[in-house]
Amino acid sequence: MTARSHSLLVQDARTRRRNAAEARFRVYGLGAISVAALALVVLLSSVVSSGIGAFRQTYITLEISLPEAKLDKSGTRDPEVMAKVTTFGYAPLLQDALLRTMEQSGITTSLSAADVGKIISKEAAATLRDHVLANPDLIGGSVTLDVLAEGRIDGYFKGRVTLESAALDANTSPEALRIAQGLADAGVIETRLNRRFLTAPDASDQRPEAAGLGVAILGSLYMMLVVLVLALPIGVATSIYLEEFAPRNRLSDLVEVNISNLAAVPSIVFGILGLAIFINFAGLRQSSPLVGGLVLTLMTLPTIIISSRAALKSVPPLIRDAALAVGASRMQAVFHHVLPLAAPGILTGTIIGLAQALGETAPLLLIGMVAFVRDYPAAYTDEAGLFAEAATALPVQVFNWTQRADPGFVERASGAIITLLVFLLAMNAAAILLRRRFERRW
Amino acid sequence: MKDTHLAERVDTMTQLKISARHVNVHYGETHAVKDVSVDIDANSVTAFIGPSGCGKSTFLRCLNRMNDTIDTCRVSGGIRIDDEDIHDRKVDPVQLRAKVGMVFQKPNPFPKSIHDNVAYGPKIHGLARTRAETSGIVEDALRKAALWDEVKDRLDAPGTGLSGGQQQRLCIARAIATAPDVLLMDEPCSALDPVATAQIEELIDDLRQSYCVVIVTHSMQQAARISRKTAFFHLGSLVEFGETDRIFTSPEDPRTENYITGRIG
């Protein structure tokens with residue numbers, strides 16, 4: 001064979017080398033994708049396996065007698081008098097109800113009555129008190145209520161706590177778990193879907209079983225509203241001006257460079273800015289969704305401006321020329337023709353910017369949104385309204401819970417991450433759908 | 001062809017429509033159009049020919065001030081349409097462009113329905129008040145653009161769904177709909193096949209009755225077929241301007257002759 005084969009049936013050395021290089025490159029690519037996919041699977045499965053428990057909760061069904069002598073000595077059912085009985089007055093009632101239920105189920109124990117009472121969550125007394133205050137007629141009779149089981153008992157039914165670990169735990173004992181198992185066999189204790197996780201506010205360090213994401217979801221929602229209402233119009237107006245109207249000179253170049261720089265500024269810097277301007281200077285209330293929303297608006301604006309400009313730029317100049325040539329003014333050309341064509345891109349950029357803002361933690365820490373918020377913001381008690389009430393946000397809640405000592409909060413934090421991811425996925429799906437729906441060819 | 005041209009020249013009084021004097025155009029550092037002076041007659045077709053980059057399209061875009069939209073572009077010199085200076089402070093380019101319609105090299109219908117494409121101009125200029133008036137204008141423009149019979153049953157179909165030649169005629173209809181006096185055409189057939197080109201040329205021949213048509217073309221045959229006067233541009237300068245027949249049969253300037261005979265360009 002000669003150095004240079006003329007037959008197409010025989011590949012020369014050069015072609016073979018080229019083909020080998022191509023095959024190698026494909027293998028590298030596949031390898032990279034596999035590593036990425038594996039990392040994603042590991043991440044998701046670890047989050048889901050530790051967090052899915054937060055969406056289920058263990059409840060004890062108790063028939064609680066409500067003696068008038070203890071709850072309303074005056075017998076007037078005057079709300080003010082009744083309110084004087086604190087949760088400490090209600091806790092023994094729950095303990096009695098549990099002991100009675102155990103007796104009926106034939107469960108005997110060596111534990112003291114107080115230790116048995118620990119099977120019930122500390123939150124339960126508050127739940128019972130609220131229920132009784134809302135329905136004063138129940139006093140003197142009895143009520144059947146599903147109350148939360150204590151965190152360790154909940155953990156036992158989810159497999160987090162075992163008899164061995166309970167032996168080393170100051171907060172529970174193997175005996176308490178045996179009682180709980182007996183009650184579960186009798187149908188008194190049940191683990192079921194936990195709607196409270198998405199609606200209840202946060203709870204203190206000792207009661208992970210009661211902690212929920214309600215306030216965090218609400219806070220995030222309010223902040224997203226603030227961001228959407230401010231960042232979308234400002235961002236789109238800015239990008240239209242810069243792209244379609246601004247003269248090209250040093251000043252506009254400077255503005256452009258700085259917008260790109262702002263997009264790369266670490267988010268915590270925006271938090272410092274927000275603290276200095278909105279809280280210290282403007283005097284807005286810290287921890288409020290309004291301030292959080294303003295800070296996130298500042299952070300999101302560069303993203304929205306850059307993606308909107310890219311969307312505007314991608315509209316072919318032919319369309320602008322066509323509009324101008326029939327005598328449309330520049331503004332008419334932009335608003336009648338260019339903007340509708342750029343809208344899908346602008347919306348996609350906005351939603352991605354919002355999703356970024358939704359997952360942002362650092363700037364919110366600086367403006368006090370990491371506070372422990374036990375109650376829902378209540379607009380009707382405050383002139384400033386919902387947006388100025390203290391609230392927290394989903395990613396901050398995750399941060400908050402991961403710092404708590406009780407292992408029950410690990411599950412809660414992972415559950416919150418799942419919730420956050422579901423929101424983010426929903427927003428990204430919306431972005432894709434919008435783009436598909438409104439994308440037009442020209 | 002030649003005979004009819006001659007006959008017409010005797011019949012119609014040639015009336016001056018556009019007069020350009022010492023027009024210079026700079027794109028940043030580039031001197032794109034150099035001292036061009038030309039007179040264009042009403043109700044006739046005038047062709048601009050020349051090699052690529054000779055400034056003929058740039059000069060065409062001066063006539064409806066489309067160059068205003070380009071930041072780096074500076075135009076100097078005087079252009080008068082119907083003896084009015086189009087660079088006068090009082091002239092709004094928006095009104096000028098309604099009077100001087102333009103058709104581009106590549107068909108560029110809006111991504112809207114056929115009807116909306118044509119109705120857009122009259123709508124923004126307030127030419128039609130009612131829906132009936134609008135459809136009247138749309139039908140009239142589409143008829144003049146020789147497109148009505150092909151699209152009358154699907155006016156709601158997207159304009160971008162038409163064939164290239166139909167799209168270009170739609171763009172012509174869109175330009176006609178604002179009732180202009182002048183139609184500027186920037187190589188309207190360069191993206192079209194020979195059949196569509198023939199249709200457009202036929203259309204241009206009809207439009208000549210009512211409009212002053214200025215057409216930039218790469219095809220010398222096309223210029224010879226449809227225009228009465230031809231201007232030859234070379235390197236930004238107007239080399240020769242005169243009756244089309246004379247330019248193609250006995251050009252005065254050697255550069256024109258070289259271009260026409262295919263030696264340059």
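Here is how names work: the chains are called A, B, and so on, in the same order as the sequence lines, proteins then strands, and each is numbered from 1.
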Option in [options] with maximal non-hydrogen atom pairs under 4.5 Å from chain A:
| options | result |
| --- | --- |
| B/Val103, B/Asp71, B/Thr178 | B/Asp71 |
| B/His125, B/Arg65, B/Gln95, B/Lys99 | B/His125 |
| B/Val94, B/Leu96, B/Asn64 | B/Val94 |

| task | List the atom of B/Pro111, the atom of A/Leu341, and the distance in Å for their closest heavy-atom pair. | result | CG-CD2, 3.4 Å
| note | Closest non-hydrogen atoms of A/Ala325 and B/Met102, given as atom of the first, atom of the second and distance, are CB-CB, 3.9 Å
| request: Any chance you could measure B/Gln105, atom CD, to A/Leu318, atom CG, to the nearest 0.5 Å? | output: 9.0 Å
| query | Can you tell me how far CG of B/Asp92 sits from OG of A/Ser329, rounded to the nearest 0.5 angstrom? | reply | 8.5 Å
| query | Would the number of heavy atoms belonging to other residues, nucleotides or ligands and lying under 6.0 Å from CD of B/Glu133 be above 12? | reply | yes
| task | Between chain B and each of A/Arg248, A/Arg330, A/Gln332, A/His337, count heavy-atom pairs under 4.5 Å; write down the option with the most. | result | A/His337
| Do the non-hydrogen side-chain atoms of B/Met66 and A/Leu324 ever get within less than 4.5 Å of each other? | yes
| message | When you compare the side chain of B/Arg61 with that of A/Asp321, does any pair of heavy atoms fall below 4.5 Å? | response | yes
| request: Start with the C-alpha distance between B/Asn108 and A/Arg320, add both sets of side-chain angles, then the distance that settles side chain to side chain contact (heavy atoms under 4.5 Å, CB included), and finish with yes or no. | output: CA-CA 10 Å; B/Asn108 57 350; A/Arg320 273 181 207 92; over 6 Å; no
| Which residue pairs satisfy the salt bridge (charged side-chain N to carboxylate O under 4.0 Å, His left out) criterion with at least one member in residues 219-234 of chain A, sequence neighbours excluded? | none
| message | Using 30° and 60° as the class boundaries, would you call the ring planes of A/His336 and B/Tyr120 parallel, tilted or perpendicular? | response | perpendicular
| So which bits of residues 264-271 of chain A come within less than 4.5 Å of chain B, counting non-hydrogen atoms only? | none
